[in-house]
2 protein chains.
Amino acid sequence: MATGDGTVGKALEVLDRVAGFGRPVRFSELLAGSPYPKATLYRLLQTLVHQRMLTYDADRAAYAPGIRLVRLAHNAWTHSTLAPIARQHLDALAAEIGETVHLAQLDHAQVLYVDKRSSAVPVEMISQTGKVGPAYCTGIGKAMLAFLPLDLLDWVLSQQSFHAFTAATITSERALRRELEQIRAEGHAFDREEHEPGIICIAAPILTPKGGLLGGLSVTSTTRRRDLDDLAPLAPRLKATAVRIAADAESWHFPDQTPKPLPGRTGT
Amino acid sequence: MATGDGTVGKALEVLDRVAGFGRPVRFSELLAGSPYPKATLYRLLQTLVHQRMLTYDADRAAYAPGIRLVRLAHNAWTHSTLAPIARQHLDALAAEIGETVHLAQLDHAQVLYVDKRSSAVPVEMISQTGKVGPAYCTGIGKAMLAFLPLDLLDWVLSQQSFHAFTAATITSERALRRELEQIRAEGHAFDREEHEPGIICIAAPILTPKGGLLGGLSVTSTTRRRDLDDLAPLAPRLKATAVRIAADAESWHFPDQTPKPLPGRTGT
DNA sequence: CTTGGTTGTTCCATTATTCGGAACTTGGTT
DNA sequence: AACCAAGTTCCGAATAATGGAACAACCAAG
């Protein structure tokens with residue numbers, strides 16, 4: 001999975017890797033999984049720390065994501081996600097249905113949750129927002145995949161791991177494509193405990209009038225409270241909300257957030 | 001204000017600039033305020049877009065922060081800010097006092113708010129978290145500055161704009177240093193409508209047992225509800241909370257987040 | 001349809017940066 | 001004391017970034 005993009009690409013790859021650990025990480029740990037030689041990795045880390053994209057804790061000799069990222073993300077979240085536009089609609093939907101509502105967008109073949117309304121716990125924040133999850137085995141992921149342009153879909157599917165989280169997880173591209181077809185026909189997707197046992201959801205894509213994919217919307221519940229048949233009747237309300245969000249996005253002239261297939265830069 | 005750090009530094013500077021606009025921004029706007037020639041800036045932007053750190057909207061021909069940042073920030077916020085550690089303490093303090101509580105850290109001579117508990121308005125969030133504000137004219141900023149090591153303080157103060165937001169704003173380094181001395185003696189700071197008219201606050205630093213600066217904590221109110229004399233009695237509870245947060249941070253072995261003075265890297 | 005202006009994109013020889021093997025330092029272990 | 005692992009620095013070679021200038025694309029006015 002070549003990154004390209006010269007030094008900057010390499011630096012960001014390292015940044016991702018550090019962030020991915022989810023804990024302070026030592027030089028040697030990074031070196032182990034790195035394609036770069038010691039000296040190069042060292043310099044990249046130095047640069048990132050100097051730029052406050054990473055923090056270096058001298059005592060523990062470990063690197064962690066830096067707070068400059070938090071600051072940048074504030075802008076990104078406010079101006080480049082559906083969250084601010086969708087906020088009121090999420091509030092309304094969550095209040096009406098009384099279940100957890102998620103708003104997500106596709107990022108690099110993964111589901112990126114950009115906002116959430118939880119019925120139970122009142123507020124949370126980046127703690128939830130910013131999380132990523134698999135696309136092939138979540139309702140919201142499948143809902144988005146189903147409405148991706150075909151050429152992009154090919155690429156995105158090629159990036160899926162098809163790891164079997166539960167017994168119900170779809171583990172082959174063929175099976176997933178079949179399911180996506182159905183979702184396309186119905187306009188909404190279900191998560192049948194495919195990602196976590198006991199967790200089910202119904203999800204719909206958020207589409208521009210022209211059919212461009214903006215994001216996804218889902219209502220999540222547990223098998224203890226509801227089953228799929230209870231969820232299905234929510235589809236109309238879910239879709240109505242999605243349409244409203246899309247309309248607002250349109251009037252905000254929101255950019256079509258279709259993910260890029262990482263082309264070889266200067267075409268073939 | 002030379003950035004150094006080669007290409008990566010330049011790319012990140014451009015990223016900051018785009019984020020700073022707070023709205024989609026066109027190439028020419030960026031070019032205007034950029035030290036780089038057209039072709040160079042163009043390439044940097046290309047790279048950032050390709051890396052999904054920026055989004056490019058072809059219709060509007062404008063750049064905006066990318067969603068990859070949201071994802072990275074999730075990690076940064078979770079693992080490199082005081083927020084997760086302080087959460088319960090903020091909850092408790094906010095509930096007890098019934099006013100808005102802020103948690104902040106220093107980032108590059110500015111105040112970066114990393115969490116917030118608002119008494120009145122229930123929700124908001126990243127919309128608030130991730131925001132930056134001036135250090136020299138906010139209570140929380142001054143509280144942190146007062147406990148900065150002297151050499152760092154010199155640098156940080158040199159970065160302040162001393163813009164007069166209100167009639168009460170401290171507008172000279174000398175006056176600020178005098179105030180910081182007082183804050184150091186008392187252990188807490190006030191914002192006397194120095195940043196926004198009608199807004200006052202009391203703030204305390206969060207310090208390691210050894211005196212290292214971790215962050216700041218503040219209780220904000222309005223002149224309509226309280227005055228400074230009402231705020232002052234809150235100091236003990238504020239400080240107690242700060243101590244508790246510091247203790248938890250210690251046991252989590254939280255890295256000393258003292259900002260770096262951007263040294264010239266390898267000397268001249 | 002032509003001209004002129006503005007904005008955005010590409011080329012390519014030059015130049016400055018990054019690369020990475022190897023040597024070195026530091027701190028802990030047998 | 002000798003050794004080993006982890007982290008840091010050096011420096012010539014290799015590569016990638018630079019930026020001036022030419023080139024498109026678009027629009028408005030002549």
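In the text below, chain A, chain B and the rest are named by the order of the sequence lines, each starting its count at 1.
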Just the endpoints, please: which first and last nucleotides of DNA chain D, 5' to 3', lie under 4.0 Å from a heavy atom of chain B? D:dA17 to D:dG20
Output all residues satisfying side chain to side chain contact (heavy atoms under 4.5 Å, CB included) with A:Q160, sequence neighbours left out; order by chain, then residue number. A:A109, A:A135, A:Y136, A:V156, A:L157, A:F162
State, to the nearest 10°, the angle formed by the axis through the first five base pairs of the helix from C:dC1-D:dG30 to C:dT30-D:dA1 and the axis through its last five. 20°
Minimum side-chain heavy-atom gap B:L214-B:I245 below 4.5 Å: no
Partner residues of A:E173 under the side chain to side chain donor-acceptor pair (under 3.5 Å) criterion, sequence neighbours left out: A:R177
With the side chain of A:P37 defined as its heavy atoms from C-beta on, choose the nearest nucleotide among C:dT9, C:dG21, C:dG8. C:dG21
Applying side chain to side chain contact (heavy atoms under 4.5 Å, CB included), name anything that partners B:L207, two or more places apart in sequence or on another chain. B:F147, B:P205, B:L213
List the steps, then state whether side chain to side chain contact (heavy atoms under 4.5 Å, CB included) holds for B:T241 with B:R244. CA-CA 5 Å; B:T241 302; B:R244 264 178 244 128; 4.0 Å; yes
Measure CG/A:L44 against C1'/C:dT18 and give the value in whole Å, please. 9 Å
Can you name the residues that form a side chain to side chain contact (heavy atoms under 4.5 Å, CB included) with A:A204, not counting sequence neighbours? A:L238, A:K239
Using whole Å, what does the distance between atom P of nucleotide C:dC11 and atom CZ of B:R43 come to? 13 Å
List, with names and distances, any nitrogen or oxygen atoms from the protein found under 3.5 Å away from nitrogen or oxygen atoms belonging to nucleotides 23-30 of chain C.
none

Residues in contact with DNA chain D, drawn from residues 15-24 of chain B - heavy-atom cutoff 4.0 Å: none
For B:P24, what residues pass the side chain to side chain contact (heavy atoms under 4.5 Å, CB included) criterion, not counting sequence neighbours? B:R60, B:A62
Provide, to the nearest angstrom, the distance between the CG atom belonging to B:L31 and the C1' atom belonging to C:dG8. 10 Å
With A:D115 via side chain to side chain donor-acceptor pair (under 3.5 Å) - residues at least two apart: A:R117
Using a cut-off of 4.0 Å on non-hydrogen atoms, how would the nucleic acid contact of A:T40 be classed: base, sugar-phosphate, or nothing? base
Using whole Å, what does the distance between atom P of nucleotide C:dT18 and atom CD of A:Q46 come to? 13 Å
In whole angstrom, give the distance that lies between atom OH of B:Y42 and atom C1' of C:dC12. 16 Å
Test side chain to side chain donor-acceptor pair (under 3.5 Å) applied to B:H195 - qualifying residues, sequence neighbours left out: none
Rounding to a whole Å, what distance do you find between A:L41:CG and C:dG20:C1'? 12 Å
Could you tell me the separation between the CD atom of A:Q46 and the CG atom of A:L41, rounded to the nearest 0.5 Å? 10.5 Å
Residues at least two apart in sequence or cross-chain that pass side chain to side chain donor-acceptor pair (under 3.5 Å) with A:E29, listed by chain then number, are A:R23
Measure from the side-chain N and O atoms of B:R52 to the backbone N and O of B:G66, and report whether any donor-acceptor pair falls under 3.5 Å. no
Using a strict threshold of under 4.0 Å (side-chain N to carboxylate O), is an ion pair present between B:R68 and A:D16? yes
